[in-house]
Amino acid sequence: MTAVHGPTAPAQIPGATQQQLRDRYLIEDLFTPGAVRTVVTHYDRMVAVGAVPTNAPLTLDAVPAIRSEHFLDHREIGIVNIGAAGTVTADGERYAMSTGSCLYLGRGTKDVSFESDESGTPARFYGVSAPAHTTYPSVLVEPGQGTVRELGDPLTSNRRTLNQYIHENGVRSCQVVMGVTQLHPGSMWNTMPAHTHDRRTEFYVYFDLPQDARVVHLMGEPTETRHLMVGDGGLVLSPSWSIHSGVGTSNYSFVWAMAGENQSFDDMDGVAIVDMK
């Protein structure tokens with residue numbers, strides 16, 4: 001199943017209903033058991049992929065919107081497993097992926113498939129793809145083996161561990177930057193104070209959330225903020241002009257992935273909390 005999302009402008013935020021915001025920026029069914037779901041966007045030509053293999057392997061097929069024979073003929077992809085253990089096979093090479101591991105597949109990879117170790121407790125593979133102008137080697141990174149940054153403070157409820165996997169000083173790529181952030185018990189805030197980065201789009205997938213918990217994801221321009229109530233496995237599309245911070249009813253984890261003009265993680269425009277409205 002494939003969905004296509006066109007670009008939006010800040011002027012479309014004021015007056016939008018909550019359902020209109022959810023339709024434009026929130027994907028709630030990316031992870032469907034026994035299926036591959038693809039979300040094609042016009043935000044820096046990024047594509048999100050969700051794959052939940054159960055009784056049989058699933059293949060990553062090209063979709064009409066990208067106009068290629070194979071999905072990665074002109075693209076690269078970063079994949080994080082947010083479910084139970086599973087395996088990604090790329091051109092015959094098998095990559096065993098534990099929970100939280102990250103796999104980069106370079107441009108020109110032909111055949112990609114996903115499978116779970118146990119059908120009753122399936123893997124949930126989350127991929128983010130962007131156009132690539134050259135080929136970099138495929139690399140698997142286990143949890144904790146990337147660049148680890150400890151951020152925040154328990155006193156402000158935002159103590160978190162940030163794992164950078166695909167980035168300019170780690171696994172090399174053309175555009176995709178990807179990692180996983182885990183909030184510590186007792187901490188609920190992420191990316192606050194907020195920021196924007198006009199040169200990159202960012203996708204968020206929230207996970208490790210109890211079924212009855214939610215993340216209040218803040219979005220919009222700093223002086224015209226709105227919110228989305230996001231459950232486990234929810235994907236938020238964050239345009240370059242939008243802030244992207246949130247607070248949960250419990251601690252949680254999220255995969256962040258970016259693509260755009262540059263890969264500098266700290267290239268951002270900060271927003272003081274007192275200036276937000």
Side-chain angles (χ1 to χ4, degrees), residues 5-28 39 41-44 46 48 128 149 151-162 177 179-184 186-207 209 212-262 264-277:
H5 281 249
T8 57
Q12 295 176 266
I13 293 293
T17 66
Q18 184 59 221
Q19 189 58 53
Q20 287 171 330
L21 292 175
R22 295 177 75 85
D23 291 344
R24 293 170 186 169
Y25 304 108
L26 177 63
I27 310 298
E28 296 185 277
V39 180
T41 82
H42 293 277
Y43 297 114
D44 288 300
M46 292 172 69
V128 173
R149 300 173 69 170
L151 303 172
D153 192 303
L155 295 178
T156 48
S157 300
N158 66 351
R159 186 79 171 90
R160 58 202 189 275
T161 300
L162 186 149
V177 178
V180 175
T181 295
Q182 299 168 299
L183 275 78
H184 293 206
S187 287
M188 286 77 73
W189 278 101
N190 78 75
T191 323
M192 183 61 78
H195 62 260
T196 61
H197 31 67
D198 279 343
R199 293 147 296 280
R200 294 191 303 273
T201 297
E202 185 160 10
F203 288 178
Y204 269 46
V205 158
Y206 293 101
F207 68 105
L209 263 174
D212 60 350
R214 291 293 182 268
V215 172
V216 183
H217 179 95
L218 299 178
M219 60 159 298
E221 290 187 289
T223 57
E224 195 69 54
T225 60
R226 298 294 187 272
H227 75 274
L228 299 168
M229 302 294 292
V230 185
D232 186 73
L235 163 65
V236 177
L237 313 178
S238 183
S240 59
W241 45 264
S242 176
I243 64 168
H244 38 274
S245 62
V247 61
T249 58
S250 73
N251 62 309
Y252 53 93
S253 302
F254 59 93
V255 182
W256 46 267
M258 297 177 278
E261 189 173 338
N262 66 50
S264 176
F265 183 83
D266 295 316
D267 180 9
M268 59 185 70
D269 301 306
V271 179
I273 294 175
V274 295
D275 292 333
M276 292 177 59
K277 297 179 182 178

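Computed from a predicted structure; not experimentally measured.
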Item to check | Worked verdict on Lys277 versus Thr225 for side chain to side chain contact (heavy atoms under 4.5 Å, CB included) | outcome: CA-CA 6 Å; Lys277 297 179 182 178; Thr225 60; 5.8 Å; no
Checklist entry - Which pair of heavy atoms, one from Arg200 and one from Met258, lies closest together, and at what distance? => result NE-SD, 3.3 Å
Checklist entry - Are Tyr206 and Leu235 close enough, and set up right, to give a side chain to side chain contact (heavy atoms under 4.5 Å, CB included), and what steps lead you there? => result CA-CA 7 Å; Tyr206 293 101; Leu235 163 65; over 6 Å; no
Checklist entry - What ring-ring contact (aromatic ring centres under 6.0 Å, His included) pairs are there with at least one residue in residues 221-242, not counting sequence neighbours? => result none
Item to check | Audit row: Ile13, Met219, side chain to side chain contact (heavy atoms under 4.5 Å, CB included) steps and yes/no | outcome: CA-CA 10 Å; Ile13 293 293; Met219 60 159 298; 3.7 Å; yes
Checklist outcome for this item: Correct closest heavy-atom pair for Pro193 and Val271 would be CB-O, 3.6 Å
Next on the checklist: Do Thr223 and Asp275 have side chains that approach each other closer than 4.5 Å (heavy atoms only, starting at C-beta)?
Outcome noted: no
Item to check | salt bridge (Lys or Arg N to Asp or Glu O under 4.0 Å) partners of Arg226, counting only residues at least two apart | outcome: Glu224
Item to check | Minimum heavy-atom distance Met192-Ile273, with the two atoms named | outcome: SD-CG1, 3.8 Å
Item to check | Any donor-acceptor N/O pair, Arg24 side chain to Pro7 backbone, under 3.5 Å | outcome: no
Checklist entry - Quick one: does Ser242's side chain have a donor or acceptor within less than 3.5 Å of a partner on Gly220's backbone? => result yes
Checklist entry - Mind checking what makes salt bridge (Lys or Arg N to Asp or Glu O under 4.0 Å) contact with Arg160, not counting sequence neighbours? => result none
Checklist entry - Do Thr8 and Tyr43 get their side chains close enough for a donor-acceptor pair, meaning under 3.5 Å? => result yes
Next on the checklist: Does Phe203 form a side chain to side chain contact (heavy atoms under 4.5 Å, CB included) with Thr41? I'd like the steps, not just the answer.
Outcome noted: CA-CA 11 Å; Phe203 288 178; Thr41 82; 3.8 Å; yes
Checklist entry - Looking just at side-chain N and O atoms, do Trp256 and Thr181 make a donor-acceptor pair shorter than 3.5 Å? => result yes
Item to check | Residue pair Tyr252 / Ser187, side-chain donor-acceptor N/O under 3.5 Å | outcome: no
Checklist entry - Are Tyr25 and His217 close enough that a side-chain donor and a side-chain acceptor fall under 3.5 Å? => result no
Item to check | Side-chain donor/acceptor of Asp44 to backbone N/O of Met46, under 3.5 Å | outcome: no
Item to check | Note, Phe207 side chain near Val180 side chain (heavy atom, < 4.5 Å) | outcome: yes
Checklist entry - Looking at Thr161, Asn251, Asn158, which hits side-chain hydrogen bond (donor to acceptor under 3.5 Å, both in side chains) with His184? => result Thr161
